[in-house]
Amino acid sequence: MKKARSNPNQLQIDFLAAFRQMLVSLGNPENLPVNESLFMRMTDQWENTRAIPANLIFQKSPIEAVVFRLQKLEQEKRQERLRFPSEFIAGEIRGEQGLTGFSARFREQGWVILPAELSVMYKNLFLNILAASVGLEHLYPAKKELLAEAERIALEAMLPEAEVRKFFGLRLTRFPDSFRSEVVNYYNLPFDYVLKRANHLGMVSEQVLEEARNSQPVRSPILRRPQSSRAA
């Protein structure tokens with residue numbers, strides 16, 4: 001029987017695949033290949049040269065602050081669900097067409113990458129959600145459940161219950177533009193995510209949440225300049 005020939009390149013691909021995993025990809029399904037391609041290129045570069053791309057804008061400070069806040073929340077709740085790696089590769093990439101942002105694992109590292117073109121409001125929100133997803137991935141192998149729980153924990157850390165009750169304590173069912181603007185300006189977070197937090201706390205029902213979501217105008221406030229895709 002003829003012995004199969006070994007392909008060194010294939011062995012390298014298989015070896016890296018065991019240590020390389022996309023966790024959460026923001027945006028629509030068509031954005032996933034863009035996010036995955038960038039992740040592959042960046043990890044290949046790291047594997048070969050131990051260098052990060054020159055256009056990766058931030059590295060440690062923002063992600064460390066977010067991880068600290070999430071861990072503090074866990075300690076206050078006396079829970080130990082979040083497991084963060086000791087090292088993160090995190091930052092903003094400028095000019096990558098179609099990039100919406102993602103979280104991932106590579107070897108013993110956590111990766112959180114966002115497009116630099118995001119508005120500050122969404123950048124801060126998504127940084128918290130993606131960081132939480134890295135800490136939760138050992139508990140939620142299914143991507144949909146991982147994203148939902150990462151959102152819940154991130155919003156809990158960013159929006160204390162007492163603060164949210166200032167706006168939603170009367171169990172409102174309608175949200176005029178003036179109210180939405182006041183909430184957005186107060187928290188510097190998108191209204192629909194603040195509303196999600198109120199829903200998590202039982203202040204807003206699922207029906208009201210869905211109606212409010214459907215009543216919002218179709219627009220993309222995320223990017224500083226118009227883009228064809230929308231992170232969500």
Side-chain angles (χ1 to χ4, degrees), residues 9 12-13 16-17 19-67 85 87-107 109-134 137 142-144 146-148 150-151 154-155 158 184 188-193 196 213 216-232:
N9 292 331
Q12 177 72 0
I13 291 172
L16 290 178
F19 296 92
R20 180 160 47 189
Q21 180 188 12
M22 178 79 72
L23 301 178
V24 169
S25 173
L26 299 175
N28 301 313
E30 57 266 28
N31 299 116
L32 177 59
V34 177
N35 293 336
E36 286 183 331
S37 176
L38 177 63
F39 179 45
M40 294 286 285
R41 283 185 279 128
M42 291 179 70
T43 49
D44 283 347
Q45 180 177 343
W46 177 266
E47 187 73 11
N48 293 329
T49 66
R50 288 297 187 271
I52 59 176
N55 59 342
L56 189 68
I57 298 175
F58 71 70
Q59 293 181 41
K60 285 191 175 182
S61 299
I63 192 71
E64 288 181 346
V66 168
V67 167
E87 183 179 9
F88 270 91
I89 300 294
E92 308 166 22
I93 296 291
R94 187 178 302 282
E96 188 76 27
Q97 187 66 31
L99 172 67
T100 50
F102 62 86
S103 62
R105 282 269 193 171
F106 182 66
R107 297 190 181 279
Q109 300 168 335
W111 286 61
V112 174
I113 304 297
L114 290 168
E117 293 77 12
L118 280 174
S119 68
V120 173
M121 178 188 298
Y122 279 88
K123 194 175 294 181
N124 183 42
L125 171 66
F126 290 156
L127 180 60
N128 277 265
I129 293 173
L130 294 177
S133 73
V134 175
E137 59 91 14
K143 300 294 190 295
K144 185 177 181 180
L146 175 61
L147 175 57
E151 281 187 353
L155 293 175
M158 301 175 76
V184 170
N188 195 29
L189 287 171
F191 180 78
D192 54 334
Y193 281 90
K196 277 188 180 182
R213 186 181 297 140
Q216 293 187 78
V218 179
R219 60 187 178 184
S220 177
I222 299 173
L223 299 167
R224 293 198 184 100
R225 55 177 182 271
Q227 297 284 328
S228 58
S229 61
R230 179 177 179 271

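Position 1 is the first residue of the sequence; numbering continues from there. All values below were derived from every heavy atom in this structure, side-chain atoms included, with hydrogens, water molecules and symmetry-related copies excluded. In this text, all values refer to a predicted model and were calculated from it rather than measured experimentally.
S103 places a side-chain N or O within 3.5 Å of a backbone atom of V24 that can act as its donor or acceptor partner. In this structure, D192 contributes its side chain and R213 its backbone to no donor-acceptor pair below 3.5 Å. Without hydrogens or angle criteria, E151 side chain to I129 main chain gives no donor-acceptor distance under 3.5 Å. Here the side chain of T43 pairs a donor or acceptor atom with the backbone of M40 at under 3.5 angstrom.
Here the straight-line distance linking atom CD of E92 with atom CG of L114 works out to 7.0 Å at 0.5 Å rounding. Rounding to the nearest 0.5 Å places CZ of R41 at 4.5 Å from CD of E96. In this structure, CE on M121 lies 12.0 Å from OH on Y193, to the nearest 0.5 angstrom. Atom CG in L23 sits 5.5 Å away from atom CD in E137 (nearest 0.5 Å). With values rounded to the nearest 0.5 angstrom, K143 atom NZ is found 5.0 Å from Q21 atom CD. Rounding to the nearest 0.5 angstrom, the gap separating the CZ atom in R105 from the CE atom in M22 is 14.5 Å.
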Inset, instruction - Would you sort out whether L26 and L130 count as a side-chain contact (heavy atoms from CB on, under 4.5 Å), showing the intermediate values? - result: CA-CA 9 Å; L26 299 175; L130 294 177; 4.1 Å; yes
Inset, instruction - Verify side-chain contact (heavy atoms from CB on, under 4.5 Å) between V66 and V112, making sure each step is shown before the conclusion. - result: CA-CA 12 Å; V66 168; V112 174; over 6 Å; no
Inset, instruction - Verify side-chain contact (heavy atoms from CB on, under 4.5 Å) between I89 and L56, making sure each step is shown before the conclusion. - result: CA-CA 10 Å; I89 300 294; L56 189 68; 4.2 Å; yes
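F126 approaches L118 most closely through the heavy-atom pair CD1-CD1, 3.9 Å. For P85 against G110, the heavy-atom pair with the smallest separation is CG-N, 3.4 Å. Smallest separation of non-hydrogen atoms from D44 and R20: OD1-NH1, 3.0 Å. Contact between I93 and E117 at its shortest, heavy atoms only, is O-OE1, 3.9 Å. The two residues I63 and A131 have their closest heavy-atom pair at CD1-CB, 3.7 Å. Contact record, N35 with G98: OD1-O, 4.5 Å, taken as the closest heavy-atom pair.
Remark: P33 engages no residue in a side chain to side chain contact (heavy atoms under 4.5 Å, CB included) (not counting sequence neighbours).
A heavy-atom distance below 4.5 Å is not found between the side chains of F39 and E36. Residues F106 and M42 fail the side-chain proximity criterion, which asks for heavy atoms closer than 4.5 Å.
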